[in-house]
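Keep in mind that this is a model prediction, so the values were computed, not measured. What you see below is based on every heavy atom in this structure, not just the backbone, and it leaves out hydrogens, waters and symmetry mates.
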Amino acid sequence: MRTAIGLTCALALVACKSDDKPRRGAAPTPAPPAAAVDPGTGMAAGATAASCIPVAPHQRPGKATVTITGDGVDQAVTAGPAVCGALHTVATKRFAVGDGTLYRACLADGSSFAISSDVALTGNVDPTFKYEHYKKTGPLLEYTRPGVGTYNQRDPIGDGDKLFIEHDGSAATTTVVLQWPSKPDRQLTVTAKVSCDPPTP
């Protein structure tokens, strides 16, 4: 009796193992797809940073050169995707479509660097953040790392901070020290140029 039971169990195990083997003529298991890159942003698919796809007609596609160093971050991007134009693309009680200033660069790791304001900014701009009458009247410069957080210049700390925006809106250039909120020892330096075609008249 024991021999019969043992033989039955052995046959069951062999049958189970044989089911694990690919059957003759069955298609091989496909390899997992390579990480896709979104052509609109230049970032890995699924990245959570803000998009560099313009919302026509108030934003335009562009290119960016960005160098970031400090606080464990060290990367340089040449000719990465960018967007320029208006910050507000939807009308609200305070803002019309086309209001504000936006220059955003998207980096391949899903991070982004942005210059924004609720009002139009041009020329040599004081890089100090200002908020007056429910509006960002001074520029907000932010470096955002998906799943980590955002550095900004709300607390100005860089003596050499500078920001220039072309009068025709075609480019913004900056060198700025950004800080992790409430942690002055966590700083990084961003040098960036975001360029787009001038807006059509």
Is any side-chain heavy atom of Y151 less than 4.5 Å from a side-chain heavy atom of V176? no

Check whether any side-chain heavy atom of L141 lies under 4.5 Å from a side-chain heavy atom of L178, and answer yes or no. yes

Nearest heavy-atom pair of D118 and Y134: which atoms, and what distance? OD2-O, 4.4 Å

Which pair of non-hydrogen atoms, one from S195 and one from K193, has the smallest distance, and what is that distance? OG-CE, 3.5 Å

Exactly one of L163, V190, V125 should register a side-chain contact (heavy atoms from CB on, under 4.5 Å) with I115. Which one does? L163

Between K136 and Y131, the two heavy atoms sitting closest are N-CD1, 3.8 Å

Provide the closest heavy-atom pair for S117 versus P139 in the form atom of the first, atom of the second, distance. CB-CA, 4.4 Å

What do the steps show when you test I165 against Y103 for side-chain contact (heavy atoms from CB on, under 4.5 Å), and what is the final call? CA-CA 10 Å; I165 298 176; Y103 294 88; 3.4 Å; yes

Just by distance, do the side chain of N152 and the backbone of P181 share a donor-acceptor pair under 3.5 Å? no

Closest non-hydrogen atoms of T65 and A79, given as atom of the first, atom of the second and distance, are OG1-N, 4.0 Å

Pairwise side-chain contact, Y143 with V73, heavy-atom cut-off 4.5 Å (strictly under): yes

Let me know which of V97, T89, L102 forms a side-chain contact (heavy atoms from CB on, under 4.5 Å) with V55. T89

Qualifying residue for side-chain contact (heavy atoms from CB on, under 4.5 Å) with P61, from C196, P81, P54, C84: P54

Where does the angle between the aromatic ring planes of H88 and F95 fall among parallel (under 30°), tilted (30 to 60°) and perpendicular (over 60°)? parallel

Is there a side-chain contact between P146 and S111 (heavy atoms, below 4.5 Å)? yes

Considering all heavy atoms, the nearest L87-T101 contact: CB-O, 3.7 Å

More than 12 non-hydrogen atoms from neighbouring residues, nucleotides or ligands closer than 6.0 Å to NZ on K135, yes or no? no

Do D71 and Q187 make a side-chain contact, defined as non-hydrogen atoms from C-beta onward lying under 4.5 Å apart? no

